[in-house]
Asks: 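The following block contains the structure, expressed as structure tokens.
Both ligands and their constituent atoms are indexed starting at 1 by order of listing. As the structure is a prediction and not an experimental result, all values here were calculated from the model.
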Amino acid sequence: MLQRRQKQKLTIRLCSPRGFCAGVDRAIQIVVLALKKYGAPVYVRHEIVHNRYVVDGLRKRGAVFIEDLAEIPDRHRDRPVIFSAHGVPKAVPADAQRRKLFYLDATCPLVSKVHKQAIRHHRLGRHVLLVGHAGHPEVIGTMGQLPEGAVTLIETVEQARTFTPPTGSKLGYVTQTTLSVEDTADIVRALEERFRAIHAPAAESICYATTNRQEAVKHAADGVDLFLIVGAPNSSNSRRLVEVAERAGAKRALLVQRAAEIPWEEIGGISVLGLSAGASAPEIIVDEILEAFADRFDATVDVAVTAEETENFPVMRSLRDVELASADMAFVHGSA
Ligand code: SF4
């Protein structure tokens with residue numbers, strides 16, 4: 001008789017909090033509710049959040065993703081267009097108004113707060129330094145709140161030490177919401193050492209979700225053989241979690257979008273796995289990955305809780321008359 005091979009024991013340290021933040025959840029709800037209220041198609045400028053699974057799920061329901069408002073055909077000028085959670089430059093709503101489009105702005109309220117801080121610095125006569133990554137839609141959106149030349153992007157400590165501010169200008173800074181807490185502290189320190197009178201934003205720019213997810217990974221990483229972060233390659237906060245895991249002691253850390261991307265043949269010998277998810281990664285994929293490990297290992301899940309999150313950002317008033325059933329969000333949250 002064939003002996004069943006015993007599965008290898010595996011401890012999974014599952015981080016909490018992980019995955020969707022209040023801003024991502026709200027942005028997805030806005031698309032879902034707009035589809036319910038106005039029917040398909042609903043246009044979405046840029047990926048509503050940086051996650052292919054989410055984008056494909058919404059596309060199946062009738063969302064059409066575009067990068068430029070000019071892509072909306074004339075016959076669909078009456079259809080809603082939604083701006084993504086990352087925020088948009090001021091020129092985008094202005095363009096929508098010029099084209100007489102009906103738009104819904106799903107910018108996360110915490111990104112809008114950074115916009116307001118940058119505008120405030122500018123109003124008070126300060127040249128604005130934005131700590132962030134070039135090309136990220138949030139950075140493009142924040143820079144686009146102010147006239148050209150009013151903002152200098154700072155990406156590294158080296159740039160903080162060497163850039164030349166406009167002559168005689170006062171300075172104020174803000175940061176992207178999804179940066180590494182530690183790297184940003186180094187850059188801000190370099191700025192403050194060089195410019196004693198630089199003005200900080202009135203409130204911390206890195207958001208609660210970024211901070212909490214990095215803290216949870218840091219807490220769980222020591223002694224971990226492999227740390228998997230569920231998230232997309234273009235998700236800033238997910239990529240930062242991989243770096244945090246490696247720095248905090250994980251032997252290896254990988255970003256994966258689905259269970260099918262896990263390099264099973266390379267990870268046979270692990271005994272402790274860390275698992276978390278970026279703020280735009282749905283819980284249903286975390287469940288898929290847990291199941292994939294349970295199929296292959298004798299797995300025990302230890303939930304490592306480092307913070308409780310109660311943040312909830314309501315959708316705009318114009319969509320509050322549509323009921324959001326749990327089935328409407330089951331494609332990302334699962335049906336449990
Ligand atoms: S990561 Fe932070 S800033 Fe970005 S959508 Fe989530 S809560 Fe908002």
Asks: Can you check whether Phe102 and Tyr38 have ring centres sitting under 6.0 Å from each other?
Replies: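 That pair passes the under 6.0 Å test.
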Asks: Let's go through Arg45 and Asp95 carefully: what are the C-alpha distance in whole Å and the side-chain angles of both, what is the deciding distance for salt bridge (Lys or Arg N to Asp or Glu O under 4.0 Å) to 0.1 Å, and is it a yes or a no?
Replies: CA-CA 12 Å; Arg45 186 187 174 278; Asp95 186 27; over 6 Å; no
Asks: Identify, for atom 6 (Fe) of ligand 1, the protein heavy atom at the shortest distance, and state residue, atom and that distance.
Replies: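 That would be Cys21 SG, 2.2 Å.
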Asks: Hey, is Ala85 touching ligand 1 through its side chain, its backbone, both or neither, going by heavy atoms under 4.0 Å?
Replies: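 The answer is neither.
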Asks: Got a sec: is Cys108 within less than 2.8 Å of atom 8 (Fe) of ligand 1 via an N/O/S atom?
Replies: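 Given the 2.8 Å cut-off, Cys108 counts as a ligand of atom 8 (Fe) of ligand 1.
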Asks: If we count only N and O atoms by modelled type, under 3.5 Å, do the side chains of Glu47 and Asn51 hold a donor and an acceptor together?
Replies: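 Note: Glu47 and Asn51 side chains miss the donor-acceptor criterion.
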Asks: When you check the gap from the basic side-chain N to the acidic O, do Asp328 and Lys36 get nearer than 4.0 Å?
Replies: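 Looking at Asp328 and Lys36, the cut-off is met.
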Asks: How about Cys207: does one of its N, O or S atoms come closer than 2.8 Å to atom 6 (Fe) of ligand 1?
Replies: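 Given the 2.8 Å cut-off, Cys207 does not count as a ligand of atom 6 (Fe) of ligand 1.
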Asks: Looking at atom 3 (S) of ligand 1, what's its closest protein heavy atom, distance included?
Replies: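 For atom 3 (S) of ligand 1, the nearest protein heavy atom is Thr177 OG1, 3.3 Å.
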Asks: Regarding Thr177 and Glu138, is there a side-chain donor-to-acceptor distance under 3.5 Å anywhere?
Replies: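 The answer is yes; a qualifying pair exists.
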